[in-house]
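In what follows, every chain begins at residue 1, and chains take the letters A, B, ... in the order their sequences are listed.
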2 protein chains.
Amino acid sequence: MADTKQRIQDVARELFARQGYTGTSMADIAGRLSITPAALYYHYKSKADVLDALLAEPLAAYAELAERASVLTPAELLAAFVDFTARANAVIPVVTGDPAVRDLLDERFPRSPKEMMDAVIAALAGPDPDRPALIRAHAAFAVVKEATAAVLAERGLESADRKEILAAARRVLDA
Amino acid sequence: MADTKQRIQDVARELFARQGYTGTSMADIAGRLSITPAALYYHYKSKADVLDALLAEPLAAYAELAERASVLTPAELLAAFVDFTARANAVIPVVTGDPAVRDLLDERFPRSPKEMMDAVIAALAGPDPDRPALIRAHAAFAVVKEATAAVLAERGLESADRKEILAAARRVLDA
DNA sequence: GTCTATACTTAGATAGAC
DNA sequence: GTCTATCTAAGTATAGAC
């Protein structure tokens with residue numbers, strides 16, 4: 001990818017994460033790069049396209065995970081999801097926090113994050129889940145997502161952290 | 001409170017929850033009430049004031065919970081937090097999802113939601129926590145917050161649900 | 001308490017020069 | 001590839017009539 005496009009994505013990822021997608025203007029992004037907003041439109045035809053470029057790879061990874069979910073054991077799925085969360089850490093709040101982003105993604109990507117999350121939850125809950133099983137699945141999902149984010153907020157995700165998170169998630173899942 | 005003010009708050013709560021604070025305009029709120037935006041400014045002097053009015057009660061409840069956190073047992077704290085989450089359900093995503101709201105609250109309320117969350121996490125982690133204890137505290141917090149929200153998304157929080165959520169959170173906390 | 005009209009600002013986006 | 005200049009739309013907010 002051209003150097004300028006890469007730099008735009010890096011700045012956009014940081015600003016979207018800090019201020020949200022709706023809360024970040026094209027002028028904000030351009031200012032950080034010491035160019036004018038108009039110059040951005042040479043590289044991307046809209047603000048939504050900048051977001052697309054930023055999310056394409058993480059969303060594809062999420063889709064792959066959701067597709068494999070039903071053939072993995074819960075332990076394998078939780079482990080894979082910790083790693084996904086760690087890699088996509090910077091963009092997850094952008095997707096989950098801003099309703100405008102959710103609507104954009106519905107138009108532009110085949111499967112919504114909500115659908116993919118539901119697939120993971122369903123796999124964690126097992127076949128024909130009752131209400132307690134669904135609650136435990138949501139809880140285990142939450143443990144992985146939030147605990148991983150909490151660790152990454154102040155340091156790298158070390159091997160011991162990963163094991164602790166997975167152990168907690170498995171305790172939640174096994175009633 | 002005057003009837004119109006109450007109806008403005010009800011509409012604002014619903015729209016902020018669905019579209020986010022930044023993603024909701026005064027015209028959106030006014031339209032739902034079949035009045036003009038200008039009329040809103042008779043009742044509230046700014047959009048931020050509408051948000052303030054909406055969040056004052058939940059934030060005060062959260063502050064009280066955070067203050068009592070250190071003298072409650074973890075089980076009591078988790079139970080109180082389930083109930084708080086259930087009551088504040090509609091506005092929690094408004095606060096946590098939009099960075100602009102976080103900045104507004106920093107200016108307008110004495111203690112930020114982040115600070116209060118940290119107090120709860122610290123109480124759950126116990127004195128002089130090591131890294132695993134902090135991870136477990138974050139995980140238990142996440143279980144209560146997300147599982148309660150998941151249940152409320154499709155039905156009321158029944159007594160059995162509450163017990164299931166608390167049992168899961170306690171399994172996370174006790175290594 | 002609500003309206004019309006409007007001021008002011010910011011944002012997304014385009015045209016055309018360089 | 002980037003700029004200047006500009007358009008259009010939307011949003012917050014106010015003034016003053018009713």
Side-chain angles (χ1 to χ4, degrees), chain A residues 1-56 94-95 97-108, chain B residues 1-56 94-95 97-108:
Chain A
M1 179 163 15
D3 186 57
T4 304
K5 267 185 134 148
Q6 183 61 55
R7 271 165 47 227
I8 292 172
Q9 276 197 35
D10 291 341
V11 168
R13 181 165 32 242
E14 189 198 325
L15 292 183
F16 289 171
R18 270 229 314 267
Q19 313 174 354
Y21 172 75
T22 306
T24 301
S25 68
M26 293 296 262
D28 289 338
I29 297 170
R32 272 292 189 91
L33 295 163
S34 300
I35 58 178
T36 62
L40 289 180
Y41 286 88
Y42 174 81
H43 301 281
Y44 294 98
K45 81 177 205 320
S46 71
K47 185 183 171 187
D49 270 25
V50 177
L51 183 70
D52 272 10
L54 214 58
L55 296 184
V94 178
V95 174
D98 189 335
V101 170
R102 179 203 54 196
D103 294 345
L104 268 178
L105 298 185
D106 281 349
E107 296 167 12
R108 289 161 171 261
Chain B
M1 179 165 10
D3 187 56
T4 305
K5 267 186 132 143
Q6 183 61 55
R7 272 166 44 230
I8 292 171
Q9 275 196 37
D10 291 340
V11 168
R13 180 164 35 239
E14 189 198 326
L15 292 183
F16 289 172
R18 271 229 313 269
Q19 312 174 355
Y21 172 75
T22 306
T24 301
S25 68
M26 294 296 262
D28 289 338
I29 298 170
R32 272 291 191 93
L33 295 162
S34 299
I35 58 176
T36 61
L40 289 180
Y41 287 87
Y42 174 81
H43 301 280
Y44 294 98
K45 81 177 207 318
S46 70
K47 184 183 170 186
D49 270 26
V50 177
L51 184 70
D52 272 10
L54 215 57
L55 297 184
V94 177
V95 174
D98 191 334
V101 170
R102 180 203 52 195
D103 294 345
L104 268 178
L105 298 186
D106 282 349
E107 295 166 14
R108 287 162 171 259

Can you figure out which of [options] approaches the side chain of [X] most closely?
X	options	value
B:Ala2	C:dT14, C:dG1, D:dT14	C:dG1
A:Ser46	D:dT12, D:dT4, C:dA13	C:dA13
B:Ala39	D:dT2, C:dT2, D:dA13	C:dT2
B:Lys47	D:dA13, C:dC3, D:dG1	D:dA13
A:Ile35	D:dT2, D:dT14, C:dG1	D:dT2
B:His43	C:dG1, C:dT14, C:dG12	C:dG1

What is the distance, rounded to the nearest whole Å, between atom [atom1] of [X] and atom [atom2] of [N]?
X	N	atom1	atom2	result
B:Leu104	D:dT12	CG	C1'	13 Å
B:Lys45	D:dA15	NZ	P	14 Å
A:Tyr42	C:dG16	OH	P	18 Å
B:Asp28	D:dT12	CG	P	8 Å
A:Leu33	D:dT2	CG	P	9 Å
A:Lys5	D:dG1	NZ	C1'	13 Å

N or O in side chain of A:Tyr41 less than 4.0 angstrom from C:dA13 OP1/OP2:
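A:Tyr41 to C:dA13 OP1/OP2: side-chain N or O found under 4.0 Å.
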
Do any side-chain nitrogens or oxygens of A:Thr36 fall under 4.0 Å of OP1 or OP2 in D:dT2?
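No, A:Thr36 has no side-chain N/O under 4.0 Å of OP1/OP2 on D:dT2.
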
Return the residues of residues 15-26 of chain A meeting this criterion: a heavy atom under 4.0 Å from some atom of DNA chain C. Order them by number, or give none.
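Under 4.0 Å from DNA chain C: A:Thr24, A:Ser25, A:Met26.
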
State plainly whether the residues B:Arg13 and B:Asp10 are in salt-bridge range, i.e. N to O under 4.0 Å.
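B:Asp10 and B:Arg13: salt-bridged.
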
A:Arg102/A:Asp106 ion pair, N-O < 4.0 Å
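Judged by the 4.0 Å cut-off on N to carboxylate O distance, A:Arg102 and A:Asp106 do not form a salt bridge.
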
For the student: nearest non-hydrogen atoms of A:Ile29 and A:Ala12, plus distance:
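Residues A:Ile29 and A:Ala12, closest heavy atoms: CD1-CB, 4.1 Å.
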
First locate atom [atom1] of [X], then atom [atom2] of [Y], and finally report the distance between them rounded to the nearest 0.5 Å.
X	Y	atom1	atom2	value
A:Lys5	A:Asp3	NZ	CG	12.5 Å
A:Lys47	A:Thr22	NZ	OG1	6.0 Å
A:Asp98	A:Leu105	CG	CG	10.0 Å

Solution key, residues 30-43 of chain A side-chain donor-acceptor pairs under 3.5 Å, sequence neighbours excluded:
{"unit_1": "A:Arg32", "atom_1": "NH1", "unit_2": "A:Glu14", "atom_2": "OE1", "d": "3.3"}
{"unit_1": "A:Arg32", "atom_1": "NH1", "unit_2": "A:Glu14", "atom_2": "OE2", "d": "3.3"}
{"unit_1": "A:Arg32", "atom_1": "NH2", "unit_2": "A:Glu14", "atom_2": "OE2", "d": "3.2"}

